[in-house]
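Both ligands and their constituent atoms are indexed starting at 1 by order of listing.
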Amino acid sequence: MTELHGTIESHPLNPGEEATTYPPTPEFRAQANINDSSVYWRAAQDPEAYWAGRANELRWTKPFTEVLDWSNPPFAKWFADGELNVAANCLDRHVAAGLGDRVAIHFEGEPGDTRSITYAELTSEVKRAANMLTSLGVKAGDRVAIYMPMIPEAVISMLAVVRLGAAHSVVFGGFSAESLRARIDDAEAELVITADGGYRKGRVSALKPTVDDALALHGGGSTVQKVLVVERTAQGVAMEAGRDLWWHEEIPSFDDQHEPLGFPAENPLFILYTSGTTGKPKGILHTSGGYLTQASATHRDVFDLKPETDVYWCTADIGWITGHSYVVYGPLANGATQVIYEGTPETPDWGRWWSIIQKYGVTIFYTAPTAIRACMKVGRQVPEQYDLSSIRVLGSVGEPINPEAWRWYHEVIGAGSAPIVDTWWQTETGAIMIAPLPGLTSLKPGSAQVPQPGIDISIVNDAGDRVDRGQGGLLTVRKPWPSMVRGIWGDPDRFVDTYWSQFGDRYFAGDGARVDEDGDVWLMGRVDDVMNVSGHRLSTAEIESALVEHHAVAESAVVGADDETTGQAVVAYCVLKSQQNILSEEDAEGELKKHVAAQIGAIARPRNIYIVNELPKTRSGKIVRRILKQLAEGKDVGDTSTLADTMVMSVIQAKVSGIK
Ligand code: 6R9
């Protein structure tokens, strides 16, 4: 069972905190996809009928007759006797409807190269790639690992894999060889699709060498038979004969005729690994029909998408769930035109994002609070140099958006008029669960506000009872939803234990939340040992175990400390082995930061590492992370009387404040 850190207290609002709300303008409301609030109660009356209706907006090769099978909770089945091809829903369907000439992707490479791909072209490319993958032995039920930069071939690869009824496991390009290998092994992938590299911050960031390192780890001998390599950066990479193939050398021999087969709605679509409370990442499994239903429905509703006229841009990488649901599956199922940008927002300068918005006339822009705060720091004079008047809806995801960042985003990027949809959801939920509907909701900066139609959220106390308005508690989902996680790959016990052991047949999200007097939901962060750094989930246990794998480290404790830009930052306390002479105390901080980045990936690199002689522990030997977190945040550590040795704290405190 997930260990909780005490009860969430209620967080009463300061007087006036909610005074300013932003109702939809009459013009926005009039043109909105959803402007009749009866949708909420109609969906609540009969959620299954509601979702069946949404599912029927997709193209099924065999219609479903059964909506939800919840006979074996928590293992849900949605639309189980129906069949569909997810890729054909994202591609062939639009071409058949005469929309082949619509641009699907405006690709913008970091060095400035561009490519616009229509739905007809994307469909041909995916068909060709599907034929190529078939020749490499990929078939329904297999898993393919994808380790790619943000280039069109990443999307083409994902769709080609699922077109064949196989499942992908996309691994974020910033993850290390160790992390990649662990994910390949867990999913038993036989094919890896990668690129020589991608462009980041004006430089080539190599990927293929990391794949080579990953496959050589643990004496080689992985499940991988073939590695398919897209040429992007041409920096020259080693190719292993018999194993490695160049995409551009293979693809010309395959044609673009490919009939999509229908697969059962519960056919696995993808596995995506995310950090949990223990060291080992969890392979979150999503399946086809329910996932696509909710990803596409929420994409249309929450962003008020008009596929004929909107230009949509979500800045997430495909290595994260947001990239899966709101770059690939939601937008493409809806026939949207979208921008995909390869690089970082500050390359060549902080005007890059705004210049892209101006260039393509982006109308809907979806990003993370950490990016907004970074842009705020640089200053409004940068975006003010660009014409952002095309923007009509803004989105936020990954962590709570602080009201200050909300207002800046609204004023500076949204010209004071574009609604901001703050979307709460998770890798496990697959799609948006709580968010305003921009034609209906009076927006409140800092709150994700309303469960989506057909979604039943309840904020409860430790005993599972619904808390009163104005009170804080734990976020749970009372009824199954179409895009819900179907399991943890290869570990059904952990699935039950992590999400369902707290409150029976209700899903426990791991987040604390509060409902205000109007019934709006305010997210208050994780209540477990998961940190949120720049909107990315990291596990304290995973970083601790990476640290103690270093020969010089005896013990470590990792905490997520509040950070102005990244939301939280990783702060580690390490005790070095007394007999070791590998690392001097002076070198330890730099060396251990490097070590963590190499073990897990650069996103996990601690902001601070403090070398201490001892960690604060209770008499029963538990590390008291609460105290270490407060210390890292420069706060008063409060009551330390439960510690076995209260002296430990004054020594650590002196370290952290730099007093020798
Ligand atoms: C989509 C995504 C999920 C965790 C989640 C929560 C936090 C995400 C949020 C938010 C407050 C929002 N989170 N969106 N907290 N407001 N709008 O980020 O998935 O990477 O799995 O992270 O992120 O703590 O539990 P994932």
Side-chain angles (χ1 to χ4, degrees), residues 2 4 8 11 170 172 174-175 270-277 281-286 291 294-295 298-299 302-303 314-327 329-330 366-373 394-403 405-406 409 420-436 443-452 457 459 472 474-477 483-485 488 498-499 507-514 520-539 560 566-568 603-604:
T2 306
L4 305 181
I8 307 273
H11 285 237
V170 180
F172 175 58
F175 276 125
F270 63 83
I271 304 167
L272 185 59
Y273 289 83
T274 186
S275 296
T277 51
K282 302 177 280 198
I284 301 300
L285 172 67
H286 282 287
Y291 170 80
Q294 197 176 330
T298 52
H299 182 249
V302 174
F303 298 103
C314 166
T315 63
D317 189 281
I318 49 146
W320 310 108
I321 190 66
T322 308
H324 282 60
S325 304
Y326 298 105
V327 176
Y329 294 107
Y366 189 28
T367 194
T370 182
I372 299 164
R373 288 192 298 266
L394 294 170
S396 173
V397 62
E399 56 176 312
I401 177 165
N402 46 311
W406 195 102
Y409 197 29
I420 297 177
V421 288
D422 177 4
T423 62
W424 178 89
W425 58 294
Q426 307 177 295
T427 305
E428 293 87 342
T429 69
I432 294 170
M433 300 291 276
I434 307 177
L443 304 171
K444 286 181 189 168
S447 167
Q449 300 192 283
V450 219
Q452 287 301 290
I457 299 282
I459 315 292
L474 304 169
L475 184 78
T476 64
V477 189
S483 61
M484 69 194 280
V485 47
I488 293 177
T498 309
Y499 307 107
Y507 172 84
F508 170 52
D511 277 346
R514 179 174 67 77
D520 284 319
V521 179
W522 297 71
L523 277 305
M524 303 190 315
R526 304 284 310 189
V527 294
D528 53 16
D529 290 324
V530 175
M531 297 172 287
N532 190 327
V533 178
S534 297
H536 299 316
R537 274 162 71 170
L538 294 171
S539 135
T566 58
Q568 286 189 317
I603 44 163

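- Nearest-heavy-atom check against atom 2 (C) of ligand 1 across Tyr326, Trp522, Trp425 picks out Trp425.
- Annotation: the span from Tyr507 atom OH to Tyr499 atom OH amounts to 5.0 Å, rounded to 0.5 Å.
- Considering only non-hydrogen protein atoms, atom 12 (C) of ligand 1 sits nearest to Glu399 O, 3.5 Å.
- Distances below 4.0 Å separate heavy atoms of Val397 from the following atoms of ligand 1: 1 (C).
- The aromatic ring centres of Tyr273 and Phe175 sit 6.0 Å or more apart.
- The main-chain N or O of Tyr329 is never found under 3.5 Å from a side-chain atom of His324 such that the two would form a donor-acceptor pair.
- Regarding atom 23 (O) of ligand 1, its nearest protein heavy-atom neighbour is Gly398 O, 3.3 Å.
- Trp320 and His536 have parallel rings, their planes meeting at less than 30° on a 0 to 90° scale where 60° marks the start of perpendicular.
- Nearest heavy atoms, Cys314 versus Tyr326: CB-O, 3.5 Å.
- For atom 6 (C) of ligand 1, the closest non-hydrogen atom of the protein is Asp511 OD2, 2.9 Å.
- Ligand 1 has no atom lying under 4.0 Å from any heavy atom of Trp320.
- Short contacts between ligand 1 and Leu523, defined as distances under 4.0 Å to a heavy atom of the residue, involve ligand atoms 11 (C).
- Heavy-atom distances between Pro400 and ligand 1 reach below 4.0 Å in at least one pair.
- By the 3.5 Å distance cut-off applied to N or O atoms, Asp422 is counted among the residues near ligand 1.
- Here the side chains of Leu475 and Leu523 are in contact, with some heavy-atom distance below 4.5 Å.
- Using a 4.0 Å cut-off between heavy atoms, His536 makes no contact with ligand 1 at all.
- Close approach to Asn532 involves these atoms of ligand 1, each under 4.0 Å from a residue heavy atom: 7 (C), 23 (O).
- Looking at ligand 1, you won't find any N or O of Thr322 less than 3.5 Å from one of its N or O atoms.
- Proximity to Thr423 (heavy-atom distance under 4.0 Å) selects the following atoms of ligand 1: 9 (C), 12 (C), 14 (N), 17 (N).
- In terms of protein heavy atoms, atom 21 (O) of ligand 1 is closest to Thr427 OG1, 2.5 Å.
- Between His299 and Phe303, the ring planes lie tilted relative to each other; the angle falls in the 30° to 60° range.
- A salt bridge does not link Glu399 to Arg537: none of the charged nitrogens lies less than 4.0 Å from a carboxylate oxygen.
- If you check which protein heavy atom lies closest to atom 20 (O) of ligand 1, you get Arg537 CD, 3.7 Å.
- Between Trp425 and Ala431, the shortest heavy-atom distance links the atoms CB-O, 3.1 Å.
- Side-chain contact check for Ile372 versus Ile401: some heavy-atom pair is nearer than 4.5 Å.
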